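Working notes, beginning with the structure itself.
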Amino acid sequence: MDLKDRIVAVTGGAGGIGLAMLQRFAASGAIPAALDLTPERCDRAAHELRKLHPRAGAWTCNVASEESVTAAFQALRSNYGRIDVAVLNAGILDDGLLLRVDRTTGKVKARMSLAQWQRVIDVNLTGVFLSGREAAAIMVEEGGGVIIPIASVAMHGNAGQSNYSAAKAGVAALTRLWAQELSRFKIRVAGIAPGFVATEMVLKDMNQQALDLWKSRIPIGRLGDPQEIADAAHFIACNELVNGVVLEISGGVKI
Ligand code: NAD
């Protein structure tokens, strides 16, 4: 796909990996459109992205809300007429063990709450379902496109992440099944499962010791750069053979 003046929409596009993706696509001449949680984040992203393309835009959208997602995608369509690439990237972490057990007594001290489970499922799985559904509906009517859901290597099951791992495994399944359902509408679907990437999500609660521990688990000895994930999204958008797969872009980390 020649990306010149193609419309690229990214959920969670005002920060971290999402913003890096929009900048990468804009560098190839695409029109970047960010969807993100707050007007402040959207204003900042729009300001940055308009330096790269005059038609760049940003819309507030909570991917966990059907009403908000529908309105945001309608606004995108009214503004641009179509969407060529949709990256389903918005995501959150809320880690915790399924059970916390007192080592001395063997008694269960705490459980992962339903609210903690649901918060992550709502954003990371339902959010991908809702935004993927709306992007696909526009693409079907406008002649095709590419959908790139963002999973994680945690989809294989990472201790301390029942909610996050389950959501990301669901995202990987949606990627493969949407590629089957949507191919007849000229829509490709291929995802990315990043490993550990240096963004606010990973760095904000991590001290140096924890960071060093994580790095020691990554064969290349460092975290990924958001730009490297953005390059992978660009590759997927441009290469028609990539379909129905989730690419692990992780420096070789195994979970
Ligand atoms: P980040 O926290 O830096 O950025 C996430 C963005 O999503 C923010 O701009 C935030 O405002 C937005 N967002 C959060 N909730 C939202 C909602 N309900 N609706 C709309 N936008 C919302 O995170 P990141 O590291 O850039 O992560 C991006 C994606 O990559 C996520 O899906 C994450 O699970 C995935 N991922 C990240 C890593 C990593 O190591 N950073 C690893 C694997 C997968």
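Keep in mind it's a predicted model, so treat the numbers as computed, not measured. We count ligands from 1, going down the list as the structure has it; atoms in each ligand are counted the same way.
- Residue Ala154 does not touch ligand 1, judged by heavy-atom distances below 4.0 Å.
- Neither the backbone nor the side chain of Thr38 has any atom closer than 4.0 Å to an atom of ligand 1 (non-hydrogen atoms only).
- Those atoms of ligand 1 that come under 4.0 Å of a heavy atom in Gly16, given as number and element, are 3 (O), 26 (O).
- A pairwise comparison of heavy atoms in Leu182 and Ala136 identifies CD1-CB, 3.9 Å as the closest pair.
- One finds no salt bridge joining Asp102 and Lys107 here, because no Lys/Arg side-chain nitrogen approaches an Asp/Glu carboxylate oxygen to under 4.0 Å.
- Of the N or O atoms in Ile17, one or more lie within a sub-3.5 Å distance of an N or O in ligand 1.
- Within the 4.0 Å heavy-atom criterion, both parts of Val63, backbone and side chain, lie near ligand 1.
- Side-chain rings of Phe185 and Trp178 stay apart, their centers remaining 6.0 Å or farther from each other.
- The protein heavy-atom contact nearest to atom 2 (O) of ligand 1 is Met201 CB, 3.5 Å.
- Contacts with ligand 1 closer than 4.0 Å are made by backbone heavy atoms (N, CA, C, O) of Cys61 only, the side chain lying farther away.
- Salt-bridge check for Glu142 with Arg77: passed, with a basic side-chain N closer than 4.0 Å to an acidic carboxylate O.
- Salt bridge status for Glu66 with Arg133: present, with a side-chain N to carboxylate O gap under 4.0 Å.
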